[in-house]
Colleague: 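Before anything else, here's the structure in question.
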Amino acid sequence: MQSDFFQRAYKVVQQIPPGKVTSYGAIARYLGAVKSARMVGWAMNASHSQPDIIPAHRVVNRNGMLTGKNFFGGSTIMQELLENEGLIIEDDKILNFKENFWDPMDELLKL
DNA sequence: AACTTGACGGTCA
DNA sequence: ATGACCGCCAAGT
């Protein structure tokens, strides 16, 4: 176990519905995190060794840019995964990002 | 123990 | 609108 922060971040990412995306900062804020959005990215980095499947491809930066695509082993893997879910990626950025944006807080309100 | 790097984000110039 | 800098916090070297 890395830290509660990591575990919570993973859970949030796993709860992201298909065809939706969120940002590192959104997760960090949801966790109430005093930590910075960078920590979320760090958690994703650790997700590689995590037994659980973390759809990190649904997590992008606040610009909707696939900043971590380079970490998916391939190069366009992340983009194809997102497109496979109905999202449209162009120039490594998500189109209609705002419309496809899913905030963990939204789920919290529903609960 | 100290310095550098990093899947970010916001503000300033 | 674009570019640069600072702040956050942990891990790697």
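Computed over heavy atoms, backbone and side chain alike; hydrogens, waters and symmetry mates excluded. Throughout, a chain's letter reflects where its sequence line sits, starting with A, and its residues are numbered from 1.
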Colleague: Looking only at atom P, what distance separates B/dA1 and C/dC8, rounded to whole Å?
Modeller: 22 Å
Colleague: Would you call A/Leu87 and A/Phe97 a side-chain contact if the rule is heavy atoms closer than 4.5 Å?
Modeller: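 Side-chain contact under 4.5 Å: no.
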Colleague: Which pair of heavy atoms, one from A/Trp42 and one from A/Phe6, lies closest together, and at what distance?
Modeller: O-CE2, 4.0 Å
Colleague: Scan A/Asn45 against the nucleic acid and name what it touches under 4.0 Å (heavy atoms): base, sugar-phosphate only, or nothing.
Modeller: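 Base, at least one base heavy atom under 4.0 Å.
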Colleague: Got a list of protein N/O to nucleotides 3-6 of chain B N/O distances below 3.5 Å?
Modeller:
{"unit_1": "B/dG6", "atom_1": "N7", "unit_2": "A/Arg38", "atom_2": "NH1", "d": "3.4"}
{"unit_1": "B/dG6", "atom_1": "O6", "unit_2": "A/Arg38", "atom_2": "NH1", "d": "3.2"}

Colleague: Classify A/Ala56 by what it touches in the nucleic acid, base, sugar-phosphate, or nothing, heavy-atom distance under 4.0 Å.
Modeller: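 Result for A/Ala56 = base.
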Colleague: How long is the line joining CZ of A/Phe5 and P of C/dA11, in whole Å?
Modeller: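 Going from A/Phe5 (CZ) to C/dA11 (P), I get 11 Å.
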Colleague: Just the rounded figure in Å: distance from P of C/dA10 to OH of A/Tyr24.
Modeller: 19 Å
Colleague: Measure across A/Phe71 and A/His48 and return the closest heavy-atom pair with its distance rounded to 0.1 Å.
Modeller: O-CE1, 3.2 Å
Colleague: Got A/Tyr30 and A/Thr22 here, is their nearest side-chain heavy-atom distance under 4.5 Å?
Modeller: no
Colleague: Would you indicate whether the side-chain heavy atoms of A/Arg29 and A/Met105 approach each other to under 4.5 Å?
Modeller: yes
Colleague: Nearest-Å distance, CG (A/Asn63) to P (C/dA1)?
Modeller: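 The distance from CG of A/Asn63 to P of C/dA1 comes to 11 Å, rounded to the nearest Å.
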Colleague: Are any non-hydrogen side-chain atoms of A/Thr67 and A/Tyr24 less than 4.5 angstrom apart?
Modeller: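 Contact flag for A/Thr67/A/Tyr24 side chains = yes.
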Colleague: Expressed in angstrom and rounded to an integer, what is the separation of A/Met65 atom CE from C/dT2 atom C1'?
Modeller: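 It works out to 14 Å between those atoms.
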Colleague: Whole angstroms only, please: what is the NE2-C1' distance between A/His48 and C/dG12?
Modeller: 16 Å
